Amino acid sequence: MFPAQDGGRVHVFFHGGYWQQLSRHHASFHAPRFNGQDTSYAAPGYTLAPNLDLAGIVDQARRAVEFLARTLRAASTEPLSIIVSGSSAGAHLAAMVALADWSETELAERDRKSVV
């Protein structure tokens with residue numbers, strides 16, 4: 001994660017690569033742009049196929065965002081704001097994270113509504 005401020009706003013970007021190639025290191029070039037807007041930036045990695053099936057990769061993406069939400073909540077009193085995006089396969093992961101049933105997690109109700 002590339003911190004920009006001591007606040008609760010973070011942009012999470014999932015890399016593309018057909019779920020089979022590339023890594024989080026290919027997505028770090030976005031960080032300065034977001035940091036310049038007082039937004040932290042995270043580019044989580046995930047296990048590539050065929051080492052993990054698609055359901056497992058989606059679960060890893062959701063868990064990464066859940067971890068970030070808990071970490072931000074513990075470090076800040078600011079309202080939590082998490083924006084997810086990605087390119088190609090990463091856009092699919094971002095959509096699946098945004099559509100996740102967050103009621104099954106340990107996140108507080110107010111945090112569940114902050115993932116978009």
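The structure presented is a predicted model; accordingly, all values stated were derived computationally and were not measured.
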As an exercise, state the distance from CZ of Arg63 to CG of Leu68, rounded to the nearest 0.5 Å.
14.0 Å
Just jot down the salt bridge (Lys or Arg N to Asp or Glu O under 4.0 Å) partners of Asp53, sequence neighbours excluded, or say none.
none
Taking side chain as C-beta onward, heavy atoms only, is Leu72 less than 4.5 Å from Phe67?
no
Can you confirm whether the side chains of Ser85 and His11 place a donor and an acceptor under 3.5 Å from each other?
yes
Indicate yes or no: at least one non-hydrogen side-chain atom of Val84 is less than 4.5 angstrom from one of Phe13.
no
For Gly86 and Ala94 the tightest heavy-atom approach is N-CB, 4.1 Å
Report yes if some heavy atom in the side chain of Val12 is under 4.5 Å from a heavy atom in the side chain of Ile83; otherwise report no.
no
Determine whether the aromatic ring centres of residues His15 and Tyr46 are separated by less than 6.0 angstrom.
yes
For the student: nearest non-hydrogen atoms of Ile57 and Ala49, plus distance:
CD1-N, 4.0 Å
Thr47: partners by side chain to side chain donor-acceptor pair (under 3.5 Å), with sequence neighbours left out:
Gln60
So, do Arg62 and Val65 sit near enough that their side-chain heavy atoms are less than 4.5 Å apart?
no
Leu54 vs His92 side-chain heavy atoms within contact, under 4.5 Å
yes
Check whether Leu99 and Val58 end up in the same hydrophobic cluster, where Ile, Leu, Val, Met, Phe, Trp and Tyr are linked by side-chain heavy atoms less than 4.5 Å apart.
no
Interatomic distance, CH2@Trp19 vs CG@Leu52, rounded to 0.5 Å, equals 13.5 Å
Do you know the tightest heavy-atom contact between Pro44 and Ala64?
CB-CB, 3.9 Å
Any Ser88 side-chain heavy atom under 4.5 Å of Tyr18 side chain:
no
